[in-house]
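Read through the structure below, which is laid out as structure tokens, and then see the notes.
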Number of protein chains: 2
Amino acid sequence: MSLRMLILAIVEAKPSTGYAITKEFDAVAGFFWRASHQQVYRELAALADEGLVRFKDVAQEGRPDKKVHAITVAGRRAFAEWYAQPQDIPRLNDPLMVKVFTGELGGVDNLIEQLSAARAQHLDKLAMLEAIQREHYPEAPADMPRWKQLVYLTLCWGLARERAWLQWAEQSEALLRG
Amino acid sequence: MSLRMLILAIVEAKPSTGYAITKEFDAVAGFFWRASHQQVYRELAALADEGLVRFKDVAQEGRPDKKVHAITVAGRRAFAEWYAQPQDIPRLNDPLMVKVFTGELGGVDNLIEQLSAARAQHLDKLAMLEAIQREHYPEAPADMPRWKQLVYLTLCWGLARERAWLQWAEQSEALLRG
DNA sequence: TGTGACATGTAAGCAGTTACATGATTTG
DNA sequence: CAAATCATGTAACTGCTTACATGTCACA
């Protein structure tokens, strides 16, 4: 549902092709969502089926034809309805926590290794997010236009999550190492 | 995969029925995983198919018969293999972040409401986790037996995540309210 | 000559949710 | 008498991943 609505919001801002929407996802993927082109095409087809978007075939020279999708009135209505509904908080189901939980069977030394490897990945991700912040959001949040504030907040959540995770991991490794 | 392995670890510790495994999940669900009985039964059937667990039908008086599942040698090997493989960090796909990102189309006032509602849920969850901590883990982590340390660490991650989320939400609401 | 960008899809499968279904015993 | 607990499952569906598949053009 959220993916559908996210696509709807993207084509509302600017009519787009599936390809362009996928690129958009890749660009913000790092800090709040991820979707493959297969998913995007499937959802676009479903949205068109339900009349929430319509598309025009556009022929291009020297490039494949493309389908430019735009939101419909029904699409706007569906989005507004979804937006008003409260969301359940998402569950976690983190494979690493399974490894922590089953650490005695797996071997505590192996667990420590797993934690280290994960820490390296989270450090990379944090560095990436911090680079984005430095490059694209150097000004005070209060001075940003609304749309930029909103994207910035999703970035902030990514930063907060990574920092919290790293703190937890350091504390955990210290405890396990004794 | 993780669910399969989690089930394997549970029956390794103590041969169990699907029902008991589901109860076990419910007990730890709050802080690191969740699984319905349907999922558990399906995975148990698959594990038995692959020879990673075997089960015995046990007749009971005044209760339905039960299938007690135990891990096999192949099961232990499969678990060890899985445990050694590094895990990718899980992606998030949080519907609330979609609402933040699409806040201009949805309406910032509506977004603030959504954030408030989510905050209430996260506060509840944090309170629940803190209660568990007070009740079951009052001692110093270093003094706990290994198995308890491991469970405690998954609880700590839940606590850290909720606290980080709440901090982010407060900051976000403040920014959006101007 | 090969790789990367542009552009769109199918097919199979895994993970998880919701709803449906049964039936005995224990507790309030 | 009703609800909760014990105990097991099927069926349909949603969401997402992985692998397969096609074809052009630009650039190095």
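Computed from a prediction, not measured in an experiment: that's the story for all the values here. Throughout, a chain's letter reflects where its sequence line sits, starting with A, and its residues are numbered from 1.
A salt bridge (charged side-chain N to carboxylate O under 4.0 Å, His left out) check over residues 153-162 of chain B, counting only residues at least two apart or in different chains, returns nothing. The salt bridge (charged side-chain N to carboxylate O under 4.0 Å, His left out) contacts involving residues 105-126 of chain B comprise Arg119(B)-Glu173(B), where partners must be two or more places apart or lie in separate chains. Among residues at least two apart or in separate chains, ring pair (Phe, Tyr, Trp, His ring centres under 6.0 Å) pairs with a member in residues 55-76 of chain B are Phe55(B)-His69(B). Listed by first then second residue, pairs satisfying side chain to side chain donor-acceptor pair (under 3.5 Å) with a partner in residues 9-24 of chain A read Glu12(A)-Arg76(A), not counting sequence neighbours. Within the structure, ring pair (Phe, Tyr, Trp, His ring centres under 6.0 Å) contacts touching residues 112-135 of chain B (residues at least two apart or in different chains) are His122(B)-Trp165(B).
Atom CZ in Phe55(B) sits about 14 Å away from atom C1' in dA7(D), given to the nearest Å. Across the protein-nucleic acid pair, Met5(A) atom CE and dT14(D) atom C1' stand 14 Å apart, rounded to whole Å. Atom CG in Asp26(B) sits about 11 Å away from atom P in dT5(D), given to the nearest Å. Taking atom CG of Leu6(A) as the reference point, atom C1' of dG15(D) lies 14 Å away to the nearest angstrom. In this entry the distance linking NZ of Lys67(B) with C1' of dG9(D) reads 9 Å, nearest Å. Taking atom CD of residue Gln60(B) and atom C1' of nucleotide dT26(C), one finds them 14 Å apart after rounding to whole Å. At whole-Å resolution of the value, CG in Asp94(B) and P in dC16(D) are 12 Å apart. Nucleotide dC6(D) holds its P atom 14 Å from the CD atom of Glu24(B), rounded to whole Å.
Defining each end axis of the helix from dT1(C)-dA28(D) to dG28(C)-dC1(D) as the rotation carrying four pairs' C1' atoms onto the next four, with five pairs an end, the two axes are found to diverge by 40° to 10 degrees.
In terms of heavy-atom proximity, Trp82(B) sits nearest to Val98(A) at CH2-CG1, 3.7 Å. Nearest heavy-atom pair, Glu139(B) versus His136(B), reported as atom, atom and distance to 0.1 Å: OE1-O, 4.1 Å.
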In B/S/- notation, 5' to 3', how is nucleotides 13-23 of chain C contacted by protein heavy atoms closer than 4.0 Å?
--SBBBBB--B
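Partners of Glu50(A) according to the side chain to side chain donor-acceptor pair (under 3.5 Å) rule, which considers only residues two or more places apart in sequence or in another chain, are Arg4(A). A search for salt bridge (Lys or Arg N to Asp or Glu O under 4.0 Å) contacts involving Arg134(A) returns nothing, not counting sequence neighbours. For Ala117(A), there are no side chain to side chain contact (heavy atoms under 4.5 Å, CB included) partners two or more places apart in sequence or in a different chain. With sequence neighbours left out, Phe31(A) forms a ring-ring contact (aromatic ring centres under 6.0 Å, His included) with no residue at all.
For dA5(C), the OP1/OP2 oxygens have no side-chain nitrogen or oxygen of Lys23(A) closer than 4.0 Å.
For DNA chain D, the neighbouring residues in residues 11-19 of chain B, judged by any heavy atom under 4.0 Å, are Thr17(B), Gly18(B), Tyr19(B).
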